[in-house]
2 protein chains.
Amino acid sequence: MLPEARKRKIVELVSTHDGQSVSELADELDYSKATIRRDLRALAEEGLIERSHGGALPATSVASERSYGEREVKNLEAKRAIAARAVEEIADTEVVFFDAGTTTTEVARRVPSDLLAVTNSPQLAVELGERVEEVKLTGGTLRSRTRALVGPTAESFMERTNFDLLFLGTNGLDVEAGLTTPNENEARMKELMVEKANRVVLVCDGSKVGERSFVQFAELDDVDHLITDAALPKRLAETLDAAGVRVTEEDTA
Amino acid sequence: MLPEARKRKIVELVSTHDGQSVSELADELDYSKATIRRDLRALAEEGLIERSHGGALPATSVASERSYGEREVKNLEAKRAIAARAVEEIADTEVVFFDAGTTTTEVARRVPSDLLAVTNSPQLAVELGERVEEVKLTGGTLRSRTRALVGPTAESFMERTNFDLLFLGTNGLDVEAGLTTPNENEARMKELMVEKANRVVLVCDGSKVGERSFVQFAELDDVDHLITDAALPKRLAETLDAAGVRVTEEDTA
DNA sequence: CCGATCGTGCTCGTTTCCGATCGAAACGAT
DNA sequence: ATCGTTTCGATCGGAAACGAGCACGATCGG
């Protein structure tokens, strides 16, 4: 592992775990404690973490967010693990739709190049354009909060098209409320995605499980395959099983 | 392999693999480590990657999200001067279309917030979304070279809509060939933009003047106002004047 | 045909990295 | 407060990586 990569990893581990000991880091990264200490000292000087006896804590200032931009993404490790598993679903499909969202972005970063990608996220489109032969965008109005395209133009695009596979995100996944999201326009788009996709893969990190948001856009049995990092509550697991939903719980450890 | 192609490949490898060592790159690309190191140094200076002892990591800053080509914008000073002048045209308009392109991007960075912006560039849409209340995207297929949206979906969007003002870019501006661009699909889109816009402002730095590209998409007299940094050749200036085109030559000094 | 220029690989002396060791400092329990 | 344990920083040496400079060959323009 490159020294700088190791330092980035340390910052990430310290930040996500709310502090890590020197031993834990040495163990995890497979470097000597001496090296870990050197790294911690350097990172503390840069203000990216705070040093304490025996280990390090996340920096309190905002400065850390600036230099390592991806920090804004919650549960990044979980999302990456989910994404790594999700791309395996692509085999033998041609037309794949990517819902806007951070988890689906991680999926997009791992896709093979020989497919036709469609998305309602301009950012995702640009990223996909660097990897994939053909990328299509739905068009429509840009919703500022999520950077997703919505509205009549986007919806009419959806009505004219069909997909082999959909990578779908959600804000809430609940046994009673089903799949939910805060915005009506986005909910309508997601509804159409589900309707027009042959196979629906829901990528969903643990923070969404058991949550209910404002608008429901799908039932649990609309999903063909759920990929998550969380151990699902028993009742949800049972309901999904009864609905014939395949569930993959990806270890993040 | 061309040196420049090799560098692009390096950026791609480093970015997709979350970091690569000098040895890996030398091995993969079949060049000596010395050459790889030279490339890495140059790329690090451009900010496209970050150097680390033994290899390189993907750049972390926001700047890195820009694609490889966009980094080296030619005539940036000229384009900024043109853009600064161009935004003055917006007064009392509501619906403004931004053609994809580097000069129009500079315009977009200077727009006031109280308008409805429409564009066929996903990158521009994201930038506009940070400044402007409402942003719409045409949708369509992403052309990889220019990152512009083209094709039937994009065209049918254009056919349904109308604009007060268009900021248009071009590859060639010639007294005989008119306005030209290398790609047929993009030419068709530009044609529609011109048709649907009430007022056409052509933003065009000096490198385009006198150039002819493959496909013509407009005549000189389709333009209402040309903003450039170049002193136009006499014959072109006369023809524009005869066609009733307002011309603004913006000093870059 | 010749000289200039550029890209590339090689050599060599220098810098950086990393694990090990050891005395000093900090910690926690009594 | 004291003692045993853990952690710390400084130092060292070997290995790897580095930059600078030079040489060779290809390309280009005159």
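Every chain is numbered from 1 and lettered A, B, ... according to where its sequence line falls, protein lines coming before strand lines. This structure is a prediction, so every number in the text was calculated from the model and none was measured.
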Report yes if a side-chain nitrogen or oxygen of A/Arg6 is closer than 4.0 Å to either non-bridging phosphate oxygen (OP1 or OP2) of C/dC17; otherwise report no.
no

What is the distance, rounded to the nearest whole Å, between atom CG of B/Leu25 and atom C1' of C/dT8?
17 Å

Suppose we screen for side chain to side chain donor-acceptor pair (under 3.5 Å). Which residues come up paired with A/Ser207, at least two apart in sequence or across chains?
A/Asp205

To the nearest Å, give me how far apart CG (B/Asp27) and P (C/dG9) are.
13 Å

The side-chain contact (heavy atoms from CB on, under 4.5 Å) partners of A/Glu24 (sequence neighbours excluded) come to A/Gln20, A/Ser21

Can a donor-acceptor pair be found between the side chains of B/Glu186 and B/Thr146 at a distance below 3.5 Å?
yes

Angle separating the five-pair end axes of the helix from C/dC1-D/dG30 to C/dT30-D/dA1, nearest 10°, is 50°

Could you please name the option among C/dG19, C/dG7, C/dC18 that lies closest to any side-chain atom of A/Ser32?
C/dG19

Who are the side-chain contact (heavy atoms from CB on, under 4.5 Å) partners of A/Glu249, not counting sequence neighbours?
A/Thr228, A/Ala231, A/Leu232, A/Val247

Under the ring-ring contact (aromatic ring centres under 6.0 Å, His included) test, residues paired with B/Phe217 that sit two or more places apart
none

In whole angstrom, what separates A/Met1's CE from C/dG19's C1'?
17 Å

Selection residues 11-40 of chain A - residue pairs positive for ring pair (Phe, Tyr, Trp, His ring centres under 6.0 Å), sequence neighbours left out
none

State whether B/Thr35 places a side-chain N or O below 4.0 Å from either non-bridging phosphate oxygen (OP1 or OP2) of C/dG9.
yes

For B/Thr239, check side chain to side chain donor-acceptor pair (under 3.5 Å) against everything at least two apart and list the hits.
none

Please report the distance, rounded to the nearest Å, between CG in B/Leu2 and C1' in C/dC6.
13 Å

Can you pull out every ring pair (Phe, Tyr, Trp, His ring centres under 6.0 Å) where at least one residue sits in residues 92-134 of chain A? Sequence neighbours excluded, please.
A/Phe97-A/Phe163, A/Phe98-A/Phe167

With no hydrogens and no angle check, just 3.5 Å: does a side-chain donor-acceptor pair link B/Thr102 and B/Lys79?
yes

Between N or O atoms, less than 3.5 Å apart, protein on one side and nucleotides 28-30 of chain C on the other: list the pairs.
none

Partners meeting side-chain contact (heavy atoms from CB on, under 4.5 Å) with B/Glu219 (sequence neighbours left out)
B/Gln216, B/Asp221, B/Asp222

A correct 5'-to-3' footprint of nucleotides 4-10 of chain D, with B, S and - meaning base, sugar-phosphate only and no protein heavy atom under 4.0 Å, is ---SBSS

The answer to which of B/Ile36 and A/Arg38 contacts DNA chain C further toward the 5' end, by nearest nucleotide, is B/Ile36

Taking only residues two or more places apart in sequence, or in another chain, which ones meet B/Arg110 in a side chain to side chain donor-acceptor pair (under 3.5 Å)?
B/Glu106

Rounded off to whole Å, could you give me the OH-to-C1' distance for the B/Tyr31 and D/dG25 pair?
14 Å

